[in-house]
Amino acid sequence: MQLRLPTSVSEARECLAEGAIPVGGATLIWAAWQRDGFPEQAVSLRNVPEATAIGDGVLGGAVLLHQVLDDRVPEVLRQAAKGVGTGAVRRAATVGGNIAGSTLRDLLPAAMVLDAWADVLTADGVEQVDLAEVQAKSPVLLALRWREPVRGAYAKVADPAGGEVPTIAAAAVGTEGVLRVAVREGYAVSGGEVGAAGDGSAELFAGALSGVSEAGRSLVLEQVARVRGE
């Protein structure tokens, strides 16, 4: 397998157009490649400046998860990255792989409560898309962008017996006075927003979060209380 390491967005586009398979830390696909065979060529964005940026409301898709533990990144995203796998995994796995390439997507609830969007790379160029499209299409994530929160909170429950997927809940209040919440149960991620003033939990659970379990709702309410300082 030839691993191509472009140093610019235009070079990365050429790699994709020529059929190179995007790869970050390969923590999710290495075993499958060993079993099914390796592609002729793969492409990593680790030398592309736009994909390794940290700070000023942007986090590159090729940033390793252990690098997310940086004061320039909102606390809610740092906590999400800190809870992924082992130290060895965090030193290899990337932001883009976790959000766009994984079925677990531990960072996604944190990104949602930051009202984030993504720059995605295609063979035709760079496009800005919302996180719903990232979930639906799993594109090559060049960078994640967000609006700075006033405060946020994130929690991931301990792995329950039986190896089930841990529940994640996140909440953040933005500068515009909007409370955003998101929860992952199993492989499903849902989120919603209400005005930060007053108790909008009933509205959330009757609408955007209507499918969330009682345990999930309790975890959401705990994060809401934290961002409200209760």
Side-chain angles (χ1 to χ4, degrees), residues 22 24-32 35 59 61 65 68 74-90 92-118 120 129-141 144 146 152-172 179-194 200-227:
T27 56
L28 299 170
I29 57 177
W30 191 259
R35 181 188 67 240
L59 188 62
L65 295 187
V68 178
E75 176 68 16
V76 65
L77 264 179
R78 300 203 306 268
Q79 289 299 318
K82 186 177 180 180
V84 177
T86 64
V89 169
R90 292 190 293 274
T94 63
V95 171
N98 184 272
I99 291 180
S102 170
T103 56
L104 292 174
R105 295 173 169 170
D106 290 54
L107 271 62
L108 183 57
M112 290 172 65
V113 300
L114 293 175
D115 196 23
W117 64 98
V120 301
V129 302
D130 59 28
L131 293 181
E133 185 164 341
V134 172
Q135 291 184 72
K137 297 183 178 179
S138 297
V140 179
L141 195 148
L144 184 71
W146 62 83
Y154 177 98
K156 179 179 181 180
V157 300
D159 290 358
E164 296 178 10
V165 177
T167 299
I168 288 173
L179 169 68
R180 296 182 177 89
V181 301
V183 58
R184 183 193 76 189
E185 287 192 306
Y187 296 102
V189 181
S190 54
E193 62 181 50
V194 292
S201 58
E203 179 183 345
L204 286 169
F205 294 136
L209 304 185
S210 60
V212 176
S213 71
E214 287 301 321
R217 293 183 182 200
S218 294
L219 195 62
V220 169
L221 291 175
E222 289 176 12
Q223 307 324 302
V224 170
R226 288 174 60 191
V227 298

Minimum heavy-atom separation for [X] and [Y], please, with both atom names.
X      : Y      : value
Leu104 : Arg184 : O-NH1, 2.9 Å
Leu141 : Gly96  : CB-CA, 4.0 Å
Leu204 : Gly192 : CD2-C, 3.7 Å
Gln223 : Ala155 : NE2-CB, 3.2 Å
Ala171 : Val227 : O-CG1, 3.5 Å
Arg217 : Ser210 : NH2-O, 3.2 Å

Quick one, [X] and [Y] - any side-chain contact, counting heavy atoms below 4.5 Å?
X      : Y      : answer
Ser201 : Val224 : no
Val183 : Leu219 : no
Ser138 : Arg105 : yes
Trp146 : Leu59  : yes
Val181 : Phe205 : no

field: Side-chain (Arg180) to main-chain (Ala170) donor-acceptor, under 3.5 angstrom
entry: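 No, Arg180 side chain to Ala170 backbone: no donor-acceptor pair under 3.5 Å.
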
query: With distance as the sole test, does Glu185 use its side chain to make a donor-acceptor pair with the main-chain N or O of Ser213 at under 3.5 Å?
result: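 Flag set: sc Glu185 to bb Ser213 pair under 3.5 Å.
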
How long is the gap from [atom1] on [X] to [atom2] on [Y], to the nearest 0.5 Å?
X      : Y      : atom1 : atom2 : result
Ile99  : Gln135 : CD1   : CD    : 10.0 Å
Leu65  : Asp106 : CG    : CG    : 8.5 Å
Leu108 : Leu131 : CG    : CG    : 6.0 Å

